[in-house]
Amino acid sequence: MIYNAVMLLGSACLLLVMVACSEHVHHEGEPIMGIKNPWCDDGQSRLDVDWDSNVFDYTCPYTWEWSGKESSSILYCHRPGTKEPAMHRCLDTHIEYSENPPLSGDHRPLWPDYGEYRYVPPQRWLHNLEHGAVILLYHPCADSSEVEKLKDVVRGCLRRHIITPYNKLDRENPFVLVTWGCKLVMSYADTNSAKIFIQRHAKTAPEDLSKPGQFSYQLIHHAKIAPGSDYNDTVLCPTTGNEVCSFVMTMQFIIIVRYFYGIMKLISISYHEIL
């Protein structure tokens, strides 16, 4: 009996330490984030509360010819002070959002591990947003080559990312990048705007937390550290080795051309002086 009491006290102390070390502002009565709890959220049971496993959430049920029309990407951010308050909610509570896709709001205590998913619901990835992550959403019927371009951008920019299909996007703008309180809506793989968006809006959330998540249902690929950065994503969208090599080679070519141009100019001047 004494042993059980000691173990219970030890668990309580550990729980208090985890709460104290967490950057999340804990509200009274709110479940603690990042801790699997079978009565609240264990990341494995009662998942149908947020998602009914509908295959059309991640597959295209019809032929959808992409128009290829490239309209300007649209940036939208909540006005300062208008972001929805964020609370952790157990799976006995349904969570709905007033905007599509949601940019802030209540979410589950366990957040998804970073990477690409067959599908993950917003009730999960909103928690990642709160930790400074970037979410790439794309309509499952969107052009696959355009999707791959944006996936490459996100993977090359930061480790803290989630990639998932999202069929609530429209045909005209089937791609969206989301951060806490902001989104970039795209009609095509606008890679330049995507990089700028990530550099300006990633890691600007209420919590800057690099810790991996405890939810991995439907995870396809784990996220890796972006080349040129680190586990904490200190450098966002670092220049890759191929880009560096290309830049160096271009500069070398320019220098060589200028060098030979200078020599030819000296030869031409000398020739005219002799004449």
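Remember, predicted model here, so these are calculated numbers, not experimental data.
Follow the hydrophobic side-chain contacts under 4.5 Å out from Leu47 and you reach Ile95 in the same cluster. Side-chain heavy atoms closer than 4.5 Å link hydrophobic residues (I, L, V, M, F, W, Y) into clusters, and following such links, possibly through other members, connects Leu236 to Leu150. Note: the hydrophobic cluster containing Val49 does not contain Tyr97 (ILVMFWY, side chain heavy atoms under 4.5 Å, direct or indirect links). Residues Trp180 and Tyr76 share a hydrophobic cluster, clusters being chains of Ile/Leu/Val/Met/Phe/Trp/Tyr side chains in contact below 4.5 Å. Leu91 and Ile35 are not part of a single hydrophobic cluster, where members link through side-chain heavy atoms under 4.5 Å apart.
Of all the heavy atoms in Ser187 and Glu172, the pair that sits closest is CB-O, 3.2 Å. A pairwise comparison of heavy atoms in Lys183 and Asn100 identifies NZ-O, 3.6 Å as the closest pair. Of all the heavy atoms in Asp170 and Asn173, the pair that sits closest is OD1-N, 2.7 Å. The heavy-atom pair separating Arg89 from Pro109 by the smallest distance is O-CD, 3.3 Å. Between Pro140 and Tyr58, the closest heavy-atom pair is CB-C, 3.7 Å. Between Tyr117 and Pro112, the shortest heavy-atom distance links the atoms OH-CB, 3.3 Å.
Trp51 is listed as a side-chain neighbour of Tyr119, based on a closest heavy-atom distance under 4.5 Å. Between Asp230 and Val235 the shortest side-chain heavy-atom distance does not fall below 4.5 Å. Under the 4.5 Å side-chain criterion, counting only non-hydrogen atoms from C-beta, Tyr217 is in contact with Ser53. A 4.5 Å side-chain heavy-atom check between His222 and Glu116 finds every atom pair outside the cut-off. Side-chain contact between Ile162 and Leu136 is absent, with no heavy-atom pair separated by less than 4.5 Å. Considering only heavy atoms from C-beta on, Val176 stays 4.5 Å or farther from Tyr166 through its side chain. Side-chain contact check for Gln123 versus Glu96: every heavy-atom pair is 4.5 Å or farther apart. Taking the side chain as every heavy atom from C-beta outward, Cys77 and Leu75 approach each other to under 4.5 Å.
With values rounded to the nearest 0.5 angstrom, Tyr188 atom OH is found 8.0 Å from Ser71 atom OG. Interatomic distance, CG of Leu137 versus CD1 of Ile135, reported as 7.0 Å (0.5 Å rounding). From Arg118, atom CZ reaches atom CD1 of Ile220 across 5.0 Å, with rounding to the nearest 0.5 Å. Residue Cys182 holds its SG atom at 11.5 Å from CG of Leu177, rounded to the nearest 0.5 Å. Taking NE2 of His139 as the reference point, atom CG of Leu169 lies at 7.0 Å (rounded to 0.5 Å). Note that the SG atom of Cys141 and the CZ atom of Phe56 stand 10.0 Å from one another [nearest 0.5 Å].
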Evaluate the criterion side chain to side chain contact (heavy atoms under 4.5 Å, CB included) for residue pair His107 and Glu130; output intermediate values, then yes/no. CA-CA 10 Å; His107 45 260; Glu130 190 182 36; 2.9 Å; yes
Test side chain to side chain contact (heavy atoms under 4.5 Å, CB included) on His78 and Leu103 and set out the steps. CA-CA 8 Å; His78 288 166; Leu103 308 183; 3.7 Å; yes
Set out, in order, the CA-CA distance, both residues' side-chain angles and the distance that settles side chain to side chain contact (heavy atoms under 4.5 Å, CB included) for Leu209 and Met33, then state yes or no. CA-CA 12 Å; Leu209 187 63; Met33 75 172 192; 3.6 Å; yes
Tell me, with the steps shown, if Tyr114 and Val134 meet side chain to side chain contact (heavy atoms under 4.5 Å, CB included). CA-CA 10 Å; Tyr114 292 105; Val134 170; over 6 Å; no
When you look at His127 and Glu207, which way does the side-chain hydrogen bond (donor to acceptor under 3.5 Å, both in side chains) test go after all the steps? CA-CA 10 Å; His127 202 152; Glu207 305 165 20; 5.1 Å; no
How far apart are the C-alpha atoms of Lys203 and Asp233, what are their side-chain angles, what is the distance that settles it, and do they pass the salt bridge (Lys or Arg N to Asp or Glu O under 4.0 Å) test? CA-CA 9 Å; Lys203 299 175 60 180; Asp233 298 307; over 6 Å; no
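Taking the six-membered ring where the residue is Trp, Phe197 and His201 present tilted rings, their angle falling between 30° and 60°. Between His131 and Trp111, the angle of the ring planes goes over 60°, which puts this pair in the perpendicular group of the 30/60° scheme.
Between Asp41 and Arg124 there is a salt bridge, since at least one side-chain N of the basic residue sits less than 4.0 Å from a carboxylate O of the acidic one. Between Lys149 and Asp190 there is no salt bridge, since none of the side-chain N atoms of the basic residue sits less than 4.0 Å from a carboxylate O of the acidic one.
Sorted pairs that involve residues 106-138 and meet disulfide (SG to SG under 2.5 Å), not counting sequence neighbours, are lacking altogether.
No side-chain donor-acceptor contact under 3.5 Å links Arg160 to the backbone of Lys211.
Arg159 forms a cation-pi arrangement with Tyr231, by the criterion of a distance under 6.0 Å to the ring centre and an angle within 45° of the ring axis.
In Arg200, the CZ atom is not crowded: 12 or fewer heavy atoms of neighbouring residues, nucleotides or ligands sit closer than 6.0 Å.
Put simply, the residue from Asp42, Asp92, Asp50 that forms a salt bridge (Lys or Arg N to Asp or Glu O under 4.0 Å) with Arg108 is Asp50.
Between Ser210 and Asn232, the side chains place a donor N or O and an acceptor N or O closer than 3.5 Å (distance only, hydrogens not considered).
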